[in-house]
Amino acid sequence: MSAQALVNAEKGTSLWADAWVRLKKNKLALFGLGVVLFLIVIALLTPWIAPYGYEEQNLELGATPPSAAHWLGTDLFGRDLLTRLMYGGRVSLAVGLIATSVALLIGVAWGTIAGYVGGRTDAIMMRIVDALYALPFIIFIILLMVVFGRSLLLLFLAIGAVEWLTMARIVRGQVLTIRNQEYVEAARAMGLSTPRILLRHVVPNSLGPIIVYATLTVPQVMLLEAFLSFLGLGIQPPQSSWGLLISYGAEVMEDYPWLLIFPGLALSITLFALNFLGDGLRDALDPKASKD
Amino acid sequence: MFAAPLRRFFSILFVCFALSGCGQGESNVESGNRQQILHFSNGTEIQGLDPHVITGIAEHHVVQTLFEGLVVKDSQTLELEPAAAASWTISDDGRIYTFTMRDDARWSNGDPVTAYDFEWSWWRALQPSLGSQYVFTYFPIKNAEAYFKQEISDFSKVGIKALDEKTFRVELNNPTPYFLQLLDHYSTFPVHKATVEKYGKPDESYTRWTRPSNIVTNGPFLMKSWRLNKRLIVEKNPDYWGAENVRLNQIVFHPIDSEIVEERMFRAGQLHWTDQVAIDRAPWYRENAPERMRIKPYVGTYIYRINNKLPHLSDSRVRKALAMTVDRQTLMDTVLNNIFTPSYAITPPGLLGYQPPKTFGYDPNQARALLAEAGYPNGEGFPEMELQYNTSDQHRKIATAIQQMWNKELGIKVRLQNKDWKVYLDDEATGNFEVSRGGWIGDYVDPNTFLDMWVGGSGLNRTGWNDPRYDELILKTAPQAKTREERFAAFREAETLMMNDMPFIPIYTYSSHHFVHPSLKGMHVNVMNYHNFRDVYLDPNWDKKEQASGQGE
Amino acid sequence: MLRYTLLRLLQAIPVLFAVITATFFLIRQAPGGPFDAEKPVIPAVKRALEAKYNLDLPVWQQYTQYLGDLFKGDMGPSFKYPGWDVHDLILSGLPTTAELALYALLVALVIGVLAGVFASLKPNTAQDYIPMSLAMIGICMPTFLLGPLLVLMFGFWLEWLPVTGWGDLPGDKILPSITLGAAYAAYIARLTRGGMLEIMSQDYIRTARAKGLPEWVVVTKHALRGGLIPTIAFLGPAFAGLLAGSFVVETIFQIPGLGRFYVQAAFNRDYTMILGTTIFLSTLIIIFNLLSDLLATWLNPKLRSQFRGGAV
């Protein structure tokens with residue numbers, strides 16, 4: 001990193017402005033951004049634009065393949081799959097967003113401090129991470145549900161509270177390499193305060209792996225939500241999520257394949273889009289990569 | 001520096017997979033048919049082997065192959081046949097049973113099975129510190145309940161007595177028509193005194209005496225091996241008194257929790273018998289391999305318990321309105337794929353000729369009228385209600401459909417809540433529910449097993465419903481009835497009275513539903529879904545006799 | 001380095017102690033007890049059972065008693081399978097689960113590292129997009145879907161491999177290993193690619209290239225060392241995840257492993273079994289996190305210096 005970059009970093013704003021300029025050049029990333037925005041808009045508008053009610057059943061109709069009346073077919077209860085996908089998307093996108101943000105916030109803060117400060121602080125913080133890893137997760141969730149009652153927000157927070165552990169380990173590993181880099185030493189030599197060094201130099205320079213892992217966390221939390229809901233610890237019918245739709249679809253994939261294919265597609269497209277966006281962001285934020 | 005480790009990973013991986021080889025060998029069913037080895041899916045893993053301690057259907061399957069009580073049921077007619085007892089007599093007042101022991105019954109270590117074994121075993125089962133959960137099986141016996149509750153301490157006052165090696169005498173409180181039936185329940189099986197005492201105190205549960213290497217048994221099969229969560233194998237007992245009629249050489253019990261996994265294993269020829277039918281696969285089998293799916297009536301009823309103590313559910317008109325808007329027939333035809341049959345009372349039809357009353361039907365109009373009378377026209381003012389069920393795919397589907405029926409027909413909003421088994425039990429037992437899924441499977445073939453649980457103070461009632469007249473009919477009138485007609489009339493009056501008050505909502509009558517390989521013979525059909533593995537065999541030539549089908553594979 | 005390792009092992013003791021204590025008190029807060037059943041248990045029977053397992057004592061006394069027994073190496077009998085001791089059950093499930101997790105990790109490492117390195121060599125080309133898209137699909141694909149799909153394909157349509165089992169029929173270990181490893185392969189591919197791209201833009205790589213070294217030497221000799229650090233930091237948690245997360249795969253393929261005991265124990269309120277498996281798994285997690293930290297340090301020369309000072 002050059003002195004100029006250090007000065008830029010100190011100015012603070014230019015990193016993000018530069019990143020935006022670079023991101024705009026990355027077509028795939030823009031495409032990903034477009035898809036994600038589109039899905040968010042759909043999710044927000046769902047109550048007004050969904051073709052049917054999400055709990056509206058037609059038992060006699062049962063599971064039917066796609067047709068003019070039901071573009072993506074119907075499920076075992078004769079409910080419109082498109083409608084259920086739209087409503088399920090609201091839950092899945094929300095859990096992806098909220099739980100990942102929670103994991104990101106705690107994980108990055110924890111990992112950065114542990115890695116940068118080092119010594120006894122690092123040892124204690126990372127041993128706490130080890131201990132939390134080891135606690136029986138299902139019991140933990142059952143207890144949360146019993147003590148605080150069942151609410152979606154709590155479920156999201158609980159998932160986020162579990163997912164930050166790995167994030168913390170990864171960030172710490174990254175920070176360990178960064179803190180001995182010349183530019184950090186230079187910043188230290190310039191007499192900058194620790195929080196300032198962390199926020200201006202350490203965190204921005206470990207953003208690459210953080211973003212990559214964050215995009216990996218989104219599908220993970222969506223599937224974790226499905227697993228918990230499946231075990232009876234998550235959301236309740238007739239509400240649904242993409243993960244749950246997929247797990248129900250997996251059970252009947254031989255008889256009613258569309259019940260698996262469409263939810264699977266929805267989840268995959270979202271994750272691809274997020275991923276393109278994540279990669280684009282990573283490249284855009286990485287000042288070194290930009291010089292090549 | 002990384003090329004070498006990478007190469008090593010690759011070669012390890014390759015060797016691992018190469019060693020395990022590829023391709024499918026002979027299936028369990030093929031090899032089993034050749035060697036008379038039955039591959040039986042037992043649902044869940046069993047908790048243990050001590051007949052006086054265990055509970056559950058899976059446990060029953062295994063323990064019944066290893067031990068033998070005084071009598072055994074014929075698996076076709078459910079009539080009682082001699083087992084460890086060669087014969088018995090009943091006194092004229094119906095209170096004293098005298099059993100004569102079989103001469104050639106042996107424990108697996110060679111000891112004879114005597115009346116003293118039964119006397120000791122039943123004494124053991126009545127020890128409170130043993131913790132037998134089926135101890136009430138003994139309560140028809142004179143002073144047994146008092147002894148168990150430690151109101152008397154002298155066992156000789158209990159009506160259980162070995163007169164000599166060959167004669168076993170049992171005295172009852174009252175003539176109990178179904179008493180003999182109880183004697184083929186595992187809680188009355190004998191255990192081997194010397195073995196039990198070798199590994200612990202007699203009244204101590206779960207000592208090492210039931211370990212596969214230690215256990216001594218008296219049944220048609222012997223314990224061979226047990227690997228938890230994988231398989232439990234029993235093999236034919238050559239010294240069993242009826243050994244010449246036992247045709248299976250081995251039974252392999254597979255513990256499989258998921259009916260979807262069961263179906264896959266069955267389709268791949270790994271199982272002769274599944275514990276359940278995967279409901280969503282039923283239409284496929286009906287179309288393509290109907291002979292491999294067996295669905296028969298079973299003595300059980302699926303219900304929704306209502307918490308009668310809550311203000312909005314204390315009015316029987318509300319409860320009836322809920323019951324009348326469950327469209328059972330449509331539910332069976334669609335979501336449940338006609339595996340079960342609709343039910344409108346607690347007893348299943350045709351138990352020993354007893355027919356339950358039908359006091360109501362599917363009638364949304366009358367239901368709306370009733371709800372309006374109760375002060376909730378079109379559901380207005382009725383609070384949002386929670387329907388709880390323990391986590392299971394099938395319970396979820398039924399609840400999802402019924403939630404919508406109540407909402408559509410009555411305007412009542414219902415919130416579904418699945419709970420893990422222990423939370424569900426806890427909430428139901430403490431009355432922390434509004435509507436809760438439930439079910440009951442008869443312990444014996446008699447309407448009483450479905451009716452006595454609803455009397456006041458019964459631990460299985462849990463609805464808060466109570467009616468003195470009902471209690472009188474069940475606890476006094478019926479037991480003292482002289483004839484079956486009188487007894488059934490009392491039952492019918494009681495059940496009609498209860499269903500008019502609707503403390504719970506009957507949904508459907510259970511069925512036993514299994515995938516069955518056509519080579520499996522002797523698993524007779526009966527309402528208890530009771531099987532005696534002594535009668536079971538495998539026909540290796542099944543496909544030569546019935547050339548018709550084979551598409552199921 | 002040795003000193004650091006010993007220090008970490010010493011630190012593991014309070015960690016384990018904290019885990020045991022937290023778990024012990026947590027599970028007793030969950031509603032329902034180990035002996036609750038559908039038929040209400042006769043009070044005298046319930047008292048007898050509770051007395052047998054010391055559940056009638058005050059909780060803190062149960063706790064000290066448990067710790068005392070544990071110190072003597074006795075984890076007590078399982079409540080759900082009362083004829084068996086917890087350590088019997090763990091020992092019966094462990095070899096299977098460890099084998100499964102190991103194969104799955106191998107699958108994940110081989111596929112993941114290769115795909116990640118391959119993709120990072122020509123970023124933003126087809127060589128990058130194709131393996132990364134496959135990796136994305138691997139991540140989206142939950143085990144409860146991938147398992148049955150593979151069974152359907154290789155078990156029923158092609159009839160190449162058995163549909164269930166572990167060590168019963170030839171080839172029955174392949175599908176479970178792939179099912180469990182696939183998601184991790186995908187993560188490792190992504191992390192490897194990210195790490196490699198980071199390193200490939202470093203000055204010392206440019207120096208190596210400028211020296212005219214062939215590209216494969218640059219990659220294997222210089223870049224992989226640093227590029228794999230995020231991956232290796234991930235391996236500890238990954239192995240822990242494989243061990244604890246084998247439940248679904250064990251259920252789908254009827255494998256008698258630890259994962260099923262672990263999850264069933266939680267639902268059965270099998271207190272001793274929950275504690276036993278937790279102690280066991282947390283020990284493994286601590287060890288594997290330590291190993292992956294050591295490996296990451298060894299790969300990163302800049303970090304090694306800190307251990308000489310012993311400042312940890």
Side-chain angles (χ1 to χ4, degrees), chain A residues 28 118-120 122-123 126-131 133-140 142-143 146-147 165-166 169-170 172-174 176-177 180-181 208-209 212-213 215-216 219-220 223 226-227 230 243 246-247 249-251 253-254 260 264 267-268 271-272 275 279 282-283 286 288-289 291-292, chain C residues 7-8 11-12 14-16 18-19 22-23 26-27 29-31 123-124 132-133 136-137 139-140 142 144-145 148-149 152 187 190-191 193-195 197-198 201-202 226 229-230 232-234 236-237 240 244 248 262-263 266-267 274 277-278 281-282 285-286 289 296 300 302-303 306 311-312:
Chain A
L28 264 179
R120 187 152 302 174
D122 178 32
M126 292 324 283
R127 293 305 76 74
I128 292 176
V129 168
D130 284 350
Y133 257 120
L135 281 181
F137 172 61
I138 291 175
I139 292 279
F140 174 67
I142 291 177
L143 279 176
V146 169
V147 176
L165 300 171
T166 309
R169 279 187 59 86
I170 287 180
R172 173 183 172 272
Q174 196 65 25
L176 281 183
T177 35
N180 295 332
Q181 300 271 2
V212 169
Y213 191 76
T215 54
L216 295 178
Q220 211 170 8
L223 294 177
F227 179 65
F230 193 73
I246 290 175
S247 78
E251 283 174 13
M253 65 182 165
E254 286 178 79
L260 172 62
L267 184 68
S268 308
L271 299 185
F272 270 97
N275 199 41
D279 280 0
R282 190 201 79 92
D283 294 344
D286 188 342
K288 286 160 281 164
K291 274 185 266 165
D292 290 305
Chain C
L7 206 66
R8 279 286 293 268
Q11 288 169 354
V15 170
L16 269 178
V19 168
T23 309
L26 267 180
I27 54 182
Q29 296 310 307
N124 303 326
M132 283 306 108
S133 303
M136 239 8 241
I137 292 176
I139 292 174
C140 306
F144 62 73
L145 172 57
L149 263 185
L152 206 60
Y187 284 107
R190 303 239 359 124
L191 288 171
R193 177 185 177 273
L197 284 179
E198 195 79 26
S201 60
Q202 299 272 347
I229 289 176
I232 283 163
F234 177 69
V248 177
Y262 187 52
V263 174
F267 283 112
I274 297 172
T277 39
T278 302
L281 285 177
S282 43
I285 289 168
I286 289 168
N289 279 348
N300 188 341
K302 285 195 179 153
L303 286 184
Q306 62 172 305
V312 173

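Proteins get letters first, then strands, A, B, ... in listed order; numbering begins at 1 in each. What you see below is based on every heavy atom in this structure, not just the backbone, and it leaves out hydrogens, waters and symmetry mates. Please read all numbers here as calculations on a predicted model, not as lab measurements.
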Is A:Thr166 close to chain C through its backbone or its side chain, or both, or neither, when contacts mean heavy atoms under 4.5 Å? side chain
Assert top hit (heavy-atom pairs under 4.5 Å, partner chain A, pool C:Leu191, C:Leu149, C:Ile286) equals C:Leu149
Pick one of side chain, backbone, both or neither for C:Leu16, based on which atoms fall under 4.5 Å of a heavy atom in chain A. neither
Tell me, for C:Leu152 versus chain A, whether the close heavy atoms (under 4.5 Å) come from the side chain, the backbone, both or neither. side chain
Nearest 0.5 Å, what's the CE-CG distance between C:Met132 and A:Asn275? 9.0 Å
Among A:Gly249, A:Gly243, A:Ala131, which has the most heavy-atom pairs under 4.5 Å with chain C? A:Ala131
Quick one: of A:Ile246, A:Leu223, A:Val129, who has the most non-hydrogen atom pairs under 4.5 Å with chain C? A:Leu223
Chain C heavy atoms under 4.5 Å from A:Leu28: which part of the residue, side chain, backbone, both or neither? side chain
For A:Gln220, which atoms come within 4.5 Å of any heavy atom of chain C: side chain, backbone, both, or neither? both
Honestly, the part of C:Ser133 sitting under 4.5 Å from a heavy atom of chain A is both
Could you check whether any side-chain heavy atom of C:Pro148 comes within less than 4.5 Å of a side-chain heavy atom of A:Met253, counting everything from C-beta outward? yes
Any side-chain heavy-atom pair from C:Gln11 and A:Asp130 closer than 4.5 angstrom? no
A:Leu260 portion near chain C, given a 4.5 angstrom heavy-atom threshold: side chain
Between the CG atom in C:Leu26 and the CD1 atom in C:Ile274, the distance rounded to the nearest 0.5 Å is 10.0 Å
